[in-house]
2 protein chains.
Amino acid sequence: MPHAGFKQFCPVAMAAEILCTRWTMVLLRELIAGSTRFNDLRRGVPKMSPTLLSQRLKDLEAAGIVRRYEIPRKKGLYEYRLTPAGEDLRPVVEAVGIWGQRWVESQLSLKNLDPSLLMWDMRRNLNPQPLPNRRTVIQLMYPELPVSKRTWWLLVDPPGSVDLCWDDPGFDIDLFVTTDLRTMTAIWMGLTSVEKESSKIDLVGDKAVARSMQQWLGLSPFAAEAKRVP
Amino acid sequence: MPHAGFKQFCPVAMAAEILCTRWTMVLLRELIAGSTRFNDLRRGVPKMSPTLLSQRLKDLEAAGIVRRYEIPRKKGLYEYRLTPAGEDLRPVVEAVGIWGQRWVESQLSLKNLDPSLLMWDMRRNLNPQPLPNRRTVIQLMYPELPVSKRTWWLLVDPPGSVDLCWDDPGFDIDLFVTTDLRTMTAIWMGLTSVEKESSKIDLVGDKAVARSMQQWLGLSPFAAEAKRVP
DNA sequence: CAGTATCCTATCCGATACTG
DNA sequence: CAGTATCGGATAGGATACTG
C-alpha cells in the first residue's frame, strides 16, 4: 500500500506527511506569495492538473492550512486563504527556497524556462518606485519564442498597480526590452545582472527607464542568496 | 508519466524536487541527527524498506547532499556523511519540525507510538549531567507491550557514553521506570512532563535519579516549541 | 554489516474533456 | 470562473527473502 504514513511520532515526520507530497511545496509557495483564486493558483503551477490542484487544496484545507471562502456579494467566486497554521509555513518555504538558490545548479534551473511563469512573477515583484510618476508601459520581447509567447507588456500605474498583458494594450511604450528568455530568467533569479548581460539585452526608449531597469525589475525573493555550489 | 519535474525554475520548486519525495525528509532528519551507518539509519526509519533506503541514499548522493565513504581500515563498512550542502539542510529540517510541533495535533502524532524509535531517540538525547558520577543503569518498562518490546535499559557511563540495551545488561539497576508508552512519548515530545504525569509513572530506586528524571531525559529537539493548534 | 533481488499492486497522477 | 469527471498507465514503493 503506497503512501501510508511514516508511522513516526516525530514532528518532522508528521509534518512531512502533510507537506512533502508531490506539488504541495510549490503550491504553498504560490499561496504564500499571495495568490488566492483558483485560476491564479493555476497560473502559478501551470503544470499541475486542475484535478490535482483541487485535490491538494482540499488536503491543505483538511490539514488546517488553508480555508476556502466565498467572496462576499460574489456568488460562485472563491478565495483560498492561509490560516495561521498556513502563514506559519512561510519559514519552511523560505528555508527550502534559500537552500535551492544556494545549492541547485543554475544549469538545472535554467532548463525549466517558462515565459508565463517568469512574467507572472515579474509582475508580482516589480518595484514601481524607480519609475516615472505616471503610467509606464514596458514591452518585453523574446524573439526566439513562438508568437503566442513572444511579447509581453507590463503596465505600471502609480502608485502601485502593476498589470501584465499578453495582448498589446495600445498605450505608448516607454521602453522596449528585447532579449532571450534564458538571460531574462537568469537576471530575475539574481544569477547575473542587467549590466553584466548588456550585450544580450536590447533596450530602446526612455533612457531613464532603461537605466533603472535593474532597480524596477523586482527580482526573485531568493535573488540575494549567493550560489554555494562548488 | 508520473513524477517528472515541476518544470519551474523557481528555487523552491527545484529544491522540492529533491527534498519532497517520500521518506526523504525523514531520512534527512536522521542524517542530521547524526546517524551515519546504513543499519543505524534503518533504525531511525524502521518502516522504510532497505531497498528504498538504499535508493534514497543514492539519490541524495547524486544530489550532492551525502557522500558515502568506506571507513578506513574497515573493509566493507561504510558511512554516509552530509556534504556542506547536506549540512545546510539543517534549517530546512528544523523549520519543518518546528512547524510540525506547533501545528500537528498531539492525538495524531501519538497514534504512531513506537518503543524502539522512542528509546533510540532517548538514547541520543539523554543528558548524563544530572546523573551521579558513576555508571548509572535505568530500566524502562512498558507493561502493555509484548515481551519483546517491553523492557529497555539505558546505560550511562560518565562522562558521556549512553547505551541502549534490549537485553538485561546484568548490572545493578539504579532506577526502575514503569509507565505506558503513550505517556512516555508525550513527555519526551514536551507535551507534558514527568511531574504532571506522576500518577501514571512508577519510579522505584535511587531517589535522586528519580527526582531528576525530567532533567536527564533529554527531550525531543522540538520539545520547547509550544502547540499552537486551537 | 550492508546492502540486492524479486515481485506485485495500490495509487498517484497526467491528459483531456466537460459543466454549472 | 471554478472546478468535476473519467481514464488509463507508470511507477513508486511495500513485503519478503537472500547474499558477499
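Every chain is numbered from 1, with letters handed out A, B, ... down the list of sequences.
- One interatomic measurement links the two molecules: CG of A:L52 to C1' of C:dT16, which rounds to 15 Å at whole-angstrom precision.
- Note: CD (A:Q55) to P (C:dG14) measures 13 Å, nearest angstrom.
- Within the 4.0 angstrom heavy-atom criterion, base atoms lie near A:F38.
- Here the C1' atom of nucleotide C:dC13 and the CH2 atom of A:W23 are 11 Å apart, to the nearest Å.
- What separates NZ of A:K74 from P of D:dC1 is a distance of 13 Å, to the nearest Å.
- Along DNA chain C, the nucleotide closest to B:K58 and the one closest to A:G76 are compared, and the more 5′ of them pairs with B:K58.
- Between the CG atom of A:N39 and the C1' atom of C:dT19 there is a distance of 14 Å, given to the nearest Å.
- For A:K111, the NZ atom sits in a loose shell: 12 or fewer heavy atoms of surrounding residues, nucleotides or ligands are nearer than 6.0 Å.
- Geometrically, B:R135 engages B:F171 in a cation-pi contact defined by less than 6.0 Å to the ring centre and at most 45° from the axis.
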For this session: Starting from the C-alpha separation in whole Å, work towards a yes-or-no answer on side chain to side chain contact (heavy atoms under 4.5 Å, CB included) for B:V45 and A:F6.
Result: CA-CA 8 Å; B:V45 279; A:F6 300 128; over 6 Å; no
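- Both tests pass for B:R68 against the ring of B:Y78: distance under 6.0 Å to the centre and angle within 45° of the axis.
- A donor-acceptor contact shorter than 3.5 Å links the side chain of B:R150 to the backbone of B:L145.
- When distances are taken from the side chain of B:S49 to each of C:dG3, C:dG14, D:dA15, the shortest belongs to D:dA15.
- When distances run from any side-chain atom of A:P50 to the nucleotides D:dT4, D:dG13, D:dT16, the shortest one goes to D:dT4.
- Contact check, B:S54 against C:dT4: a side-chain N or O comes under 4.0 Å of OP1 or OP2.
- Contact check, A:Y80 against D:dG3: a side-chain N or O comes under 4.0 Å of OP1 or OP2.
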Exercise. Which dot-bracket notation, 5' to 3', represents the base pairing of DNA chain C when pairs are defined as Watson-Crick or G-U with both distances under 3.5 Å, crossing pairs as [ ], and inter-strand pairs as |?
Worked result: ||||||||||||||||||||
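- Following rounding to the nearest Å, B:L77 (CG) and C:dC1 (P) show an atom-to-atom distance of 9 Å.
- Distances shorter than 4.0 Å separate none of the side-chain N or O atoms of A:R42 from OP1 or OP2 on D:dC1.
- The interatomic distance linking B:D40 (CG) with C:dC1 (P) rounds to 9 Å, in whole Å.
- No side-chain donor from either of B:T21 and A:R22 sits under 3.5 Å from a side-chain acceptor of the other.
- Distance alone, capped at 3.5 Å, places no donor-acceptor pair between the A:E79 side chain and the A:E70 backbone.
- Contact check, B:R37 against C:dA2: a side-chain N or O comes under 4.0 Å of OP1 or OP2.
- Proximity of A:W153 to A:I138: side-chain heavy atoms (C-beta onward) are nowhere separated by under 4.5 Å.
- One can place CG of A:L53 at 10 Å from C1' of D:dA2, the figure rounded to the nearest angstrom.
- The cationic atom of B:R123 (NZ for Lys, CZ for Arg) lies less than 6.0 Å from the six-membered ring centre of B:W120 and within 45° of the ring axis.
- Note: A:W188 and B:F9 have perpendicular aromatic rings, judged against thresholds of 30 and 60 degrees for the angle between ring planes.
- With hydrogens and angles left out, the side chain of B:T51 and the base of C:dA5 share a donor-acceptor pair within 3.5 Å.
- Scanning residues 62-72 of chain B for heavy-atom distances under 4.0 Å to DNA chain C yields B:R68.
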